[in-house]
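In what follows, chains are A, B, ... by sequence order, proteins preceding strands, each numbered from 1.
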2 protein chains.
Amino acid sequence: MRDAEATKASILDAAEEEFGRFGLQGARTESIAAQTGVTKAMIHYYYDSKERLYCEVLRRLVERRTRRMDGLNLHSFEPMDALKLFFSDLLGELHNRPTTPSILLFEALQNRGRFYREISAASLYGPLIETLERGVACGQFRVDLEPRHTAINLMGMVVFYICTRDNLSSLWSMDADLMDSEHYRAHVDECVTMACNSVRRL
Amino acid sequence: MRDAEATKASILDAAEEEFGRFGLQGARTESIAAQTGVTKAMIHYYYDSKERLYCEVLRRLVERRTRRMDGLNLHSFEPMDALKLFFSDLLGELHNRPTTPSILLFEALQNRGRFYREISAASLYGPLIETLERGVACGQFRVDLEPRHTAINLMGMVVFYICTRDNLSSLWSMDADLMDSEHYRAHVDECVTMACNSVRRL
DNA sequence: GTCTATAACCTGATAGAC
DNA sequence: GTCTATCAGGTTATAGAC
């Protein structure tokens, strides 16, 4: 390839895929290299160690998501509309990058959130929590709603389907693909409906 | 120890803990043995291979959960009451065994649900799906509710908090324990409220 | 039934040629 | 900037003594 930036980026992309399948522990530098078309040695040349490469993947992923949320301008919408927008956008992005939540789940399970906390990734919940607080304050959402718990549970509702799809496909048919348009659209619809109903003031 | 059954059971318990932390790939037979007080050789003597031990853990876990759900007699309650009962019970059990959902998540991510499907573990969703169908049929739940999607999303709502707690503890304080009584009770309350509201007919 | 010792293999990382 | 070769450490699994 002989192009430093291209090689570096290529490794980072392959690494994201690999970490999404197996987590930091299970990922194999050999596999990452193979998928990139270069050798293991290049990973250490550009990223020093598997752990540093992992942190870089994590950092990029959080920054990408943060930037995207900022672009939504949630605060310029009514809380309920902001909520719908937030989840429509999130679900769209996750359809293109279903490994993102897997990486963060692996991080929690395998590393007990050590690197997650290092890069202050909890900021991923900021915009959603603020929207929920706003909805409670203006009387659109339930008053007994605890914003942090609700935000986490809503996120769980969205990403659990994606992360466990290979377990649950047999609920439809033995070789169903839960990420294809038909199934995924049903998931999106169900998520948005459930999200709105679960926070709405009755 | 010199007690075959005791040793066998002890290995299975330690294995469940280890697989819950690291999944099939990441688990170390050495660690399992160490926690049991016997040597690695015993694992192969009783369970042949790490993979077979893993299947045994999975099988026991599914059977335990199935038996417990059967004991609830959900069909003898009104759908909404059955739903509350189901989640109260599930959340109580998960507080004692928080590794259960972790094992199943690892299974989906690392093994693409290969062993999950082998033991037909999707039956774990049967009682919940039936309850939802019953609620729709009798008009207590939303008519546009898709039982399988809703069941999955509700499960996700419950277990995501548990599985990502080590990522998210900093939303409260740097060293908060999200499984302690105070935080967990808030999670249970929020889950039950959200579950009911998200399925109720408006 | 349980242990020790070891075989056979795999993985992350480094050294050095090109 | 990229590759080949190799080291050092760690892992599953087995053989054989007690």
Side-chain angles (χ1 to χ4, degrees), chain A residues 1-59 102-103 106-107 109-112 114-115 118, chain B residues 1-59 102-103 106-107 109-112 114-115 118:
Chain A
M1 208 176 297
R2 287 281 160 187
D3 177 347
E5 286 311 308
T7 302
K8 231 183 134 176
S10 176
I11 290 173
L12 201 59
D13 287 336
E16 187 167 340
E17 204 55 47
E18 178 77 2
F19 287 129
R21 273 293 314 271
F22 304 107
L24 172 58
Q25 284 204 8
R28 299 291 161 235
T29 54
E30 181 71 49
S31 302
I32 296 172
Q35 214 176 346
T36 309
V38 296
T39 58
K40 277 190 300 182
M42 285 294 92
I43 291 176
H44 296 95
Y45 178 74
Y46 284 114
Y47 294 97
D48 217 62
S49 68
K50 186 169 85 159
E51 194 175 293
R52 278 177 189 274
L53 173 59
Y54 175 73
C55 284
E56 217 48 55
V57 167
L58 225 55
R59 222 188 306 276
S102 309
I103 292 175
F106 272 124
E107 165 63 13
L109 295 172
Q110 291 183 332
N111 313 322
R112 296 209 185 276
R114 191 163 107 246
F115 303 103
E118 259 181 34
Chain B
M1 209 178 293
R2 287 282 160 187
D3 177 347
E5 285 311 308
T7 302
K8 232 183 133 175
S10 176
I11 290 173
L12 202 59
D13 287 336
E16 188 166 340
E17 204 55 47
E18 178 76 3
F19 287 129
R21 272 293 315 270
F22 304 107
L24 171 58
Q25 283 203 10
R28 300 288 162 238
T29 53
E30 181 71 48
S31 303
I32 296 172
Q35 215 177 345
T36 308
V38 296
T39 59
K40 279 189 298 183
M42 285 295 92
I43 291 175
H44 296 94
Y45 179 75
Y46 284 114
Y47 293 97
D48 217 61
S49 68
K50 186 169 85 160
E51 193 174 294
R52 277 178 190 273
L53 173 59
Y54 175 74
C55 285
E56 217 48 55
V57 167
L58 225 56
R59 222 188 306 276
S102 309
I103 292 176
F106 272 124
E107 166 62 15
L109 296 171
Q110 291 183 330
N111 312 322
R112 294 207 185 279
R114 192 164 106 246
F115 303 103
E118 259 182 36

Check your understanding: How many Å lie between OH on B:Tyr45 and P on C:dG1, as a whole number?
Key -> 4 Å
Practice item. List the steps and the verdict of salt bridge (Lys or Arg N to Asp or Glu O under 4.0 Å) for A:Glu5 and A:Lys8. Key: CA-CA 5 Å; A:Glu5 286 311 308; A:Lys8 231 183 134 176; 5.2 Å; no
**Study point:** Close side-chain approach of A:Leu53 to A:Ile32, heavy-atom, < 4.5 Å
**Key:** yes
Point to revise | A:Asp48 CG to C:dT14 P, straight-line distance once rounded to whole Å | key: 7 Å
Practice item. Describe the nucleic acid contact of B:Tyr47 in one word from base, sugar-phosphate, nothing, applying a heavy-atom distance below 4.0 Å. Key: nothing
Exercise for review: Quickly work out the B:Phe22 CZ to D:dT12 P distance and round it to whole Å.
Suggested key: 12 Å
Review point. Between atom CE in B:Met42 and atom C1' in D:dT12, what is the gap in whole Å?
Key: 15 Å
Point to revise | Interatomic spacing from OG1 in B:Thr7 to CG in B:Leu12 - rounded to 0.5 Å | key: 12.5 Å
**Study point:** Selection residues 37-51 of chain B - residue pairs positive for side-chain hydrogen bond (donor to acceptor under 3.5 Å, both in side chains), sequence neighbours left out
**Key:** none
Revision key, fill the gap. Separation of D:dG1 atom C1' from A:Ile43 atom CD1, nearest Å, is 15 Å
**Study point:** Nucleotide C:dG1, atom P - distance to CG of B:Asp3 in whole Å
**Key:** 9 Å
Check your understanding: Looking at the side chain of A:Val38, which of D:dC3, C:dC3, C:dT2 is the nearest nucleotide?
Key -> D:dC3
**Study point:** Spacing of B:Glu17 atom CD and B:Thr36 atom OG1 [to the nearest 0.5 Å]
**Key:** 11.0 Å
Point to revise | Rounded interatomic separation in angstrom, taking CD1 from A:Ile11 and P from C:dA13 | key: 13 Å
Using distance only, find each side-chain donor-acceptor pair of residues 18-26 of chain B under 3.5 Å and give its atom names and separation, not counting sequence neighbours.
residue : atom : partner  : partner atom : Å
B:Glu18 : OE2  : B:Arg28  : N            : 3.0
B:Arg21 : NH2  : A:Gln110 : O            : 3.2

Review point. Under 4.0 Å between a side-chain N or O of A:Thr7 and OP1 or OP2 of D:dT2?
Key: yes
Check your understanding: Quick one: A:Tyr46 OH to C:dA13 P, roughly how many Å, whole number?
Key -> 18 Å
Review point. CD/A:Glu118 to CG/A:Leu58 distance, rounded to the nearest 0.5 angstrom?
Key: 9.5 Å
**Study point:** Residue-level proximity of residues 23-31 of chain B to DNA chain C when a heavy atom falls under 4.0 Å
**Key:** none
Practice item. Quick one: label A:Ala41 by what it contacts on the DNA or RNA (base, sugar-phosphate, nothing), any heavy atom closer than 4.0 Å. Key: base
Check your understanding: Which nucleotide in the set C:dG12, D:dA13, C:dG1 lies at the smallest distance from any side-chain heavy atom of B:His44?
Key -> D:dA13
Review point. Is the distance from OP1 or OP2 of D:dC3 to the nearest side-chain N or O of A:Thr39 less than 4.0 Å?
Key: yes
Practice item. Would you please name every residue forming a side chain to side chain contact (heavy atoms under 4.5 Å, CB included) with A:Leu109, sequence neighbours left out? Key: B:Ser102, B:Phe106, B:Cys163
**Study point:** Contact residues, residues 50-59 of chain A to DNA chain C [heavy atom, < 4.0 Å]
**Key:** A:Lys50
Practice item. With sequence neighbours excluded, tell me which residues meet side chain to side chain donor-acceptor pair (under 3.5 Å) with B:Asp13. Key: B:Arg60
